[in-house]
Peer 1: 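Take this structure, written in structure tokens, and hold onto it; I'll ask about it next.
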Amino acid sequence: TQLLEQSPQFLSIQEGENLTVYCNSSSVFSSLQWYRQEPGEGPVLLVTVVTGGEVKKLKRLTFQFGDARKDSSLHITAAQPGDTGLYLCAGEGWDNYGQNFVFGPGTRLSVLP
Amino acid sequence: EAQVTQNPRYLITVTGKKLTVTCSQNMNHEYMSWYRQDPGLGLRQIYYSMNVEVTDKGDVPEGYKVSRKEKRNFPLILESPSPNQTSLYFCASSPSTISSYEQYFGPGTRLTVT
């Protein structure tokens with residue numbers, strides 16, 4: 001079974017600070033996605049990365065897919081309280097049993113005003 | 001509005017009483033999936049469906065059933081719920097492009113089994 005680890009598990013920072021969260025696996029994924037989940041709601045897709053080494057930017061968020069397609073990072077510049085939430089990475093791949101979709105446990109971010 | 005809907009949003013039931021959680025999407029997506037989310041364990045896939053009449057087990061299918069008779073609906077059935085199925089459940093759908101399965105999630109169903 002493919003597994004995804006995320007670090008840190010919890011992160012509390014002041015408004016305006018920069019931060020990076022990581023998503024790591026020993027498995028190769030055909031694509032990797034980042035979601036943000038707020039309390040009482042379902043996860044919302046932020047970005048999908050497909051190519052090894054790919055970098056995507058979404059306003060103050062920068063996403064990178066590792067060259068070997070086993071890991072990814074999310075960097076937030078000048079964090080704001082609205083960035084508070086649970087950040088989930090999800091890897092998509094195929095194994096002997098078919099399509100496989102696995103989520104990491106998440107990084108819970110709190111941005112204090 | 002393009003969305004995934006789930007019903008009910010909250011459910012408290014007793015052990016052994018059959019229940020169904022409905023899921024419907026209005027985006028004409030082929031791929032649909034059910035997850036449960038538990039503290040410390042993250043989201044785990046229960047079942048998924050690549051298209052009508054095609055369903056497959058995910059990582060934690062025991063105790064659950066699904067059906068996909070229509071493209072828009074993907075109900076989750078618990079024939080005999082047990083307390084260890086107390087969880088937050090999410091339905092998701094995806095347009096399933098060749099390169100990736102970008103999923104759109106419903107608002108969740110919080111189930112408590114006593």
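Each chain gets a letter, A, B and so on, in the order its sequence line appears, and its residues count up from 1. Values reported hereafter were calculated over all heavy atoms of this structure, with side chains retained and with hydrogens, waters and symmetry mates removed.
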Peer 1: So does A:Glu15 have more than 12 non-hydrogen atoms from other groups sitting under 6.0 Å from CD?
Peer 2: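 Yes, enclosed.
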Peer 1: For atom CD of A:Glu38, is the number of surrounding heavy atoms from other residues, nucleotides or ligands below 6.0 Å larger than 12?
Peer 2: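 Yes, because the 6.0 Å sphere around CD of A:Glu38 holds more than 12 heavy atoms from other groups.
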Peer 1: Tabulate, in ascending numerical order, the residues of residues 104-114 of chain B having at least one heavy atom closer than 4.5 Å to a heavy atom of chain A, or enter 'none'.
Peer 2: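 Against chain A, the residues of residues 104-114 of chain B that fall inside the cut-off (heavy atoms, under 4.5 Å) are B:Phe105, B:Gly106, B:Pro107.
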Peer 1: Nearest 0.5 Å, please: how far is CD in A:Gln37 from CZ in B:Phe90?
Peer 2: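 Interatomic distance, B:Phe90 CZ to A:Gln37 CD, rounded to 0.5 Å: 4.5 Å.
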Peer 1: Can you check whether anything in residues 74-89 of chain A gets within less than 4.5 Å of chain B, heavy-atom wise, and list it by number?
Peer 2: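 Residues A:Leu86, A:Leu88 are the ones that qualify, each having a heavy atom under 4.5 Å from chain B.
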Peer 1: Among residues 14-24 of chain B, which residues come closer than 4.5 Å to chain A, judged by heavy atom distances?
Peer 2: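 Interface residues of residues 14-24 of chain B: none, nothing closer than 4.5 Å to chain A.
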Peer 1: Applying ring-ring contact (aromatic ring centres under 6.0 Å, His included), name anything that partners B:Tyr64, two or more places apart in sequence or on another chain.
Peer 2: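 Applying ring-ring contact (aromatic ring centres under 6.0 Å, His included) to B:Tyr64 gives B:Tyr89.
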Peer 1: For the CD atom of B:Glu102 and the OG1 atom of A:Thr48, what is their distance to the nearest 0.5 Å?
Peer 2: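 Output value for this atom pair is 3.5 Å.
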Peer 1: Return the CG to CG distance between B:Asp59 and A:Leu3, rounded to the nearest 0.5 Å.
Peer 2: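 Rounded to the nearest 0.5 Å, the CG-CG separation comes to 9.0 Å.
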Peer 1: Should the heavy atoms of other residues, nucleotides or ligands under 6.0 Å from CG of A:Leu58 be counted, would the total exceed 12?
Peer 2: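 More than 12 within 6.0 Å, yes.
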Peer 1: Measure the shortest side-chain to side-chain distance between A:Pro43 and B:Leu43 over non-hydrogen atoms and say whether it is less than 4.5 angstrom.
Peer 2: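 With C-beta onward as the side chain, the pair touches.
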Peer 1: Any donor and acceptor pair, going by atom type alone, linking the side chain of A:Tyr35 with main-chain N or O of B:Gln103 inside 3.5 Å?
Peer 2: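 Flag set: sc A:Tyr35 to bb B:Gln103 pair under 3.5 Å.
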